[in-house]
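When a ligand or atom number is given, it counts from 1 through the structure's own listing order. Only heavy atoms go into these numbers, but all of them, side chains included; no hydrogens, no water, no symmetry mates.
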Amino acid sequence: MKKHNFSAGPCILPEEVLQQASKAVIDFNNDDLSLLEISHRSKPFVDVIENAKLLTLELLGLENKGYQVLFLHGGASTQFLMTAYNLLNKKAAYLNTGTWSDKAIKEAKLFGDLVEVASSKDKNFTYIPKNYNIPNDVDYFHCTSNNTIFGTQIKEFPTLGTPLICDMSSDIFSRQLDFSKFDLLYAGAQKNMGPAGTTVVVVKEEILGKVERTIPSMLNYKTHIGKESMFNTPAVFPIYVSMLTLEWLKDLGGISFIEKVNNKKADLLYKEIDRNPLFRGIVAKEDRSIMNATFSLIDESLTNRFDSLWKEARINGLNGHRSVGGYRASMYNALPLFSVQALVDTMQELERKA
Ligand SMILES: *Cc1c(COP(=O)(O)O)cnc(C)c1O
């Protein structure tokens with residue numbers, strides 16, 4: 001039986017997706033060839049990438065609204081610089097809510113003036129700053145919807161007169177939002193969408209083409225839009241597996257369905273963290289992420305005992321990030337409710353035995 005996989009990324013994928021993907025590695029579409037051996041320009045693969053784009057727009061509710069979907073290389077980390085390269089003329093505003101925002105800010109500084117509108121660094125990123133002002137003379141505002149490492153999540157996004165750009169790597173497709181508020185969003189696939197190796201970018205075409213600098217072809221969104229994500233060889237396998245995962249999500253009932261499941265999982269775990277006298281949550285309650293829950297033992301001398309209990313329960317990937325410590329339970333879309341129940345049972349077992 002498969003382990004309960006709370007890994008933060010790369011992370012759990014649906015069992016049926018893994019089955020279908022492994023079959024395609026040997027024989028894709030019953031054509032006696034592997035998916036990995038066929039041309040990315042052949043019809044069977046073009047159908048895959050087209051379907052992945054359509055599913056992305058459909059699930060996000062962004063069809064016919066002027067958005068383009070790209071599947072690019074280089075991870076979300078390349079988007080930190082690509083967004084600035086393509087959109088930052090003079091000045092941009094950033095909200096700093098953790099390690100990933102910090103990295104995005106560092107890259108963007110290479111291209112213009114940065115206004116850090118607010119930061120939660122003063123309390124090791126354990127909350128989401130609110131009531132900050134965004135200057136209206138900036139080229140765009142950038143934020144990180146879910147802070148994978150610290151376990152905080154933005155619940156409300158500002159309405160702006162300037163483009164809104166968001167790193168949604170760890171919570172895309174997990175909850176309903178008005179996605180049309182965003183002019184560009186991006187996500188490394190390996191958190192809530194597929195395997196590592198491709199990054200989805202959803203961009204409103206009208207915001208492009210406004211910077212004065214020359215942009216190298218590979219880093220220019222317009223290049224990839226013009227060539228339909230085929231300017232160079234796309235990551236065929238990660239795109240295929242992402243497509244399967246999006247199909248799986250659509251068949252389940254889409255984002256509105258999975259959001260209910262995700263809320264149920266998060267409620268179950270956070271209730272136990274708050275109830276169990278041995279544990280405490282790490283971040284501000286109102287900013288808790290439904291994807292990544294961070295918590296710790298109040299008495300650290302119980303660490304070895306708890307660690308062996310959850311390992312015996314066949315739980316994987318529960319250690320917190322080195323910059324936070326404690327534990328982090330990542331509850332991405334494909335994690336079943338019974339895995340969260342297994343973790344809660346383990347926490348209660350520790351309480352009985354401690
Ligand atoms: C993991 C992660 C990244 C980095 O993604 P890569 O694809 O490894 O570059 C960026 N932002 C967030 C929010 C993440 O969780």
Do K181 and F179 meet the cation-pi criteria used here (NZ or CZ under 6.0 Å from the six-membered ring centre, within 45° of the axis)? no
Using a strict cut-off of 4.0 Å, indicate which atoms of ligand 1 neighbour a heavy atom of N146. 13 (C)
N/O separation below 3.5 Å, T144 to ligand 1: no
Heavy-atom donor-acceptor pair, S339 side chain to L335 backbone, under 3.5 Å: no
Quickly, which of N316, N319, D345 forms a side-chain contact (heavy atoms from CB on, under 4.5 Å) with W310? Name it, please. N319
What are the atoms of ligand 1, with element, lying closer than 4.0 Å to any heavy atom of G75? 7 (O), 9 (O)
What about S77: any of its N or O atoms under 3.5 Å from an N or O on ligand 1? yes
Less than 3.5 Å apart, any donor N or O on the side chain of N146 or S170 sitting next to an acceptor on the other? yes
Per-atom contacts, ligand 1 versus D167 - under 4.0 Å to a heavy atom: 10 (C), 11 (N), 12 (C), 13 (C)
Can Q79 be said to touch ligand 1, with heavy atoms closer than 4.0 Å? no
Going by distance alone, is a donor N or O of one side chain under 3.5 Å from an acceptor N or O of the other, for D171 and Q153? yes
Between F28 and F45 (judged by ring centroids, cut-off 6.0 Å), do the two rings come close enough to count as a pair? no
Any idea which part of K103 is under 4.0 Å from ligand 1, heavy-atom wise: side chain, backbone, both or neither? neither
Nearest protein heavy-atom contact for atom 5 (O) of ligand 1: which residue, which atom, what distance? A76 CB, 3.5 Å
For ligand 1, which atoms, with element, lie under 4.0 Å from some heavy atom of F80? 10 (C)
Ligand 1 contacted by N147 (non-hydrogen, < 4.0 Å): no
Rounded to the nearest 0.5 Å, what separation is found between the NZ atom of K53 and the CD atom of E228? 5.0 Å
